[in-house]
Amino acid sequence: MRVLVVGGAGYIGAHMCKMLAESGHEIVVLDNFSTGHKAAVQWGRLEEMALADVGRLDAVFEKYQFDAVMHFAAASIVGESVRDPLKYYENNVSDVISLLRAMQRHRVMRFVFSSTAAVFGEPQSDFIDEQHPRAPINPYGASKLTVERMLMDCVSAYGLSSVALRYFNAAGADPSSLIGESHQPETHLIPKLLRRVAGEDIEVRIFGGDYPTPDGTCIRDYVHVNDLCSAHLLALNRLREMGSPTFEAFNLGNGQGYSVKEIITAVARTTGKKLDLSVDPPRHGDPARLVADGSLAKAALGWMPKYTEIADIIDTAWRWHRQPRY
Ligand code: UFG
């Protein structure tokens, strides 16, 4: 298929491009490099532009005749979304409307959308499946849920078929180390720890030590970036085989939770360097435990995550962070 990868210069988007190319698909990356990296665009063609530029967007759709579109171009930092919600509604909703309009005009009817565990809000069960109530507690989660709802409405109205993939905690890097995670500033736990171990002057503290968890720190479900991408590839095939228009959503996680302290220990084991971190007050909007029930993705898509051990996920991330290329 010829696939438009919006946000293909970002962390997950770049991994997707590599996997799509290796699977024989043709790729066009659309990115404005607001957070992505030129050096990450190593597969396919590049169109450097913003989604809000409707004229150029039309020209790109006219030029390539896409079979499907994937969207990775969201802003995704929970705390920032609380401070600047309109940025999140502009980037994650308005710009997606602009993209969906272009798809509609050019009759591109397959869409894979990056969604998030943040659509669920405070968890009401230990393992979060697709039936769990959606009640986001921050503008980031709300912006992603808004798009999910729009996609549902687009099924019967325009015949658009889409799959929303709700990531839990994306982590790791491609084992080739050609691409990896590089946010500025970095806010995520694993890359912050590894960059600190690699010698960067990054302050890392444990956000909250009094959570109702066995060791008092937050539990998360870390899932390897390439496993997220393999789910996208399966979703693409599913959309191709789908007889009539549809919207589906799948939770993507390993179903295994690790506390912040367990991650710090695992990082020490991989890198051979122990970090002594102090405990700060909890970060606003952090639920105690977020762990996926990923069984629907496995049953319906045939998804088989390869990186089920946290040590393997951290190992690939460490290979990247020892010598990041960008
Ligand atoms: N943490 C620390 N210290 C740090 C950074 C993080 O203790 O310096 C903790 C957090 O409190 C959290 C865990 O490490 O308990 C993981 O935090 P990350 O920032 O790595 O990831 P989040 O769980 O905050 O974010 C993820 C996704 C978001 C999604 C969110 C849902 O990246 O897209 O889960 O809550 F919205």
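Both counts, for ligands and for their atoms, begin at 1 and track the order of listing. The residues of the chain are indexed from 1 along the displayed sequence.
Among protein heavy atoms, atom 28 (C) of ligand 1 sits closest to Tyr140 CE2, 4.0 Å. Of the protein's heavy atoms, His188 NE2, 3.2 Å lies nearest to atom 32 (O) of ligand 1. Of the protein's non-hydrogen atoms, the one nearest atom 4 (C) of ligand 1 is Phe207 CE1, 3.3 Å. The protein heavy atom nearest to atom 11 (O) of ligand 1 is Asp286 OD2, 2.6 Å. Ranking the protein heavy atoms by distance from atom 20 (O) of ligand 1 puts Leu189 N, 2.8 Å first. Residue, atom and distance of the protein heavy atom nearest to atom 9 (C) of ligand 1 are Val260 CG2, 3.7 Å. For atom 29 (C) of ligand 1, the nearest non-hydrogen atom of the protein is Thr116 OG1, 3.5 Å. Among all protein heavy atoms, the one lying closest to atom 25 (O) of ligand 1 is Asn169 ND2, 3.9 Å.
Under a hydrophobic clustering in which Ile, Leu, Val, Met, Phe, Trp and Tyr are joined whenever their side-chain heavy atoms come within less than 4.5 Å, directly or via other members, Ile179 and Tyr167 fall into the same cluster. A continuous path of hydrophobic side-chain contacts links Tyr140 to Ile77 [ILVMFWY only; heavy atoms under 4.5 Å].
At a 4.0 Å heavy-atom cut-off, ligand 1 touches Val78 through the side chain alone.
For ligand 1 and Val204, the ligand atoms under 4.0 Å from any heavy atom of the residue are 8 (O). Shown in contact with Thr187 at under 4.0 Å from a heavy atom are these atoms of ligand 1, numbered in order with element: 5 (C), 19 (O). Shown in contact with Arg205 at under 4.0 Å from a heavy atom are these atoms of ligand 1, numbered in order with element: 2 (C), 3 (N), 4 (C), 7 (O), 8 (O). Near Ile206, the atoms of ligand 1 lying under 4.0 angstrom from a non-hydrogen atom of the residue are 7 (O). Within ligand 1, the atoms closer than 4.0 Å to a non-hydrogen atom of Leu290 are 31 (C), 35 (O), numbered from 1 in the order shown. Counting the atoms of ligand 1 from 1 in the order shown, those under 4.0 Å from a heavy atom of Lys192 are 4 (C), 8 (O). Within the listing of ligand 1, atoms 31 (C), 36 (F) sit less than 4.0 angstrom from a heavy atom of Ala118. Ligand-side atoms of ligand 1 in range of Cys218: 15 (O), range being under 4.0 angstrom from any heavy atom.
The residues Arg105 and Asp58 are annotated as salt-bridged, a charged nitrogen and a carboxylate oxygen being separated by less than 4.0 angstrom. Ionic pairing of Asp315 and Arg319 is present here: one or more N-O contacts between side-chain nitrogen and carboxylate oxygen are shorter than 4.0 angstrom. A salt bridge links Lys18 to Glu22: one of the charged nitrogens lies within less than 4.0 Å of a carboxylate oxygen. Between Glu248 and Arg238, at least one side-chain N (NZ, or NE/NH1/NH2) sits under 4.0 Å from a carboxylate O, which counts as a salt bridge. Salt-bridge annotation for Arg166 and Glu130: absent, with no side-chain N of the basic residue lying under 4.0 Å from a carboxylate O of the acidic one.
In this structure, Tyr222 is part of the shell of residues with a heavy atom less than 4.0 angstrom from ligand 1.
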Please tabulate, for the side chains in residues 37-52, all donor-acceptor contacts under 3.5 angstrom to protein atoms that are two or more places apart in sequence or on a different chain.
unit_1: His37; atom_1: NE2; unit_2: Ser182; atom_2: O; d: 2.7
unit_1: Lys38; atom_1: NZ; unit_2: Glu48; atom_2: OE1; d: 3.4
unit_1: Gln42; atom_1: NE2; unit_2: Ala39; atom_2: O; d: 3.0
unit_1: Gln42; atom_1: NE2; unit_2: Leu178; atom_2: O; d: 3.1
unit_1: Glu47; atom_1: OE1; unit_2: Arg56; atom_2: NH2; d: 3.4
unit_1: Glu47; atom_1: OE2; unit_2: Lys63; atom_2: NZ; d: 3.0
unit_1: Glu47; atom_1: OE2; unit_2: Tyr64; atom_2: OH; d: 2.7

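A donor and an acceptor atom, one from each side chain of Asp293 and Asn251, are nowhere located under 3.5 Å apart. Between the side chains of His188 and Glu186, a donor-acceptor pair is found at a separation under 3.5 Å.
Between His71 and Phe111, the angle of the ring planes lies from 30° to 60°, which puts this pair in the tilted group.
Taking each of Arg283, Glu203, Arg289 in turn, the one with a heavy atom nearest to atom 17 (O) of ligand 1 proves to be Arg283.
In summary, the aromatic rings of Trp320 and Tyr11 are positioned with their centroids too far apart to meet the 6.0 Å limit.
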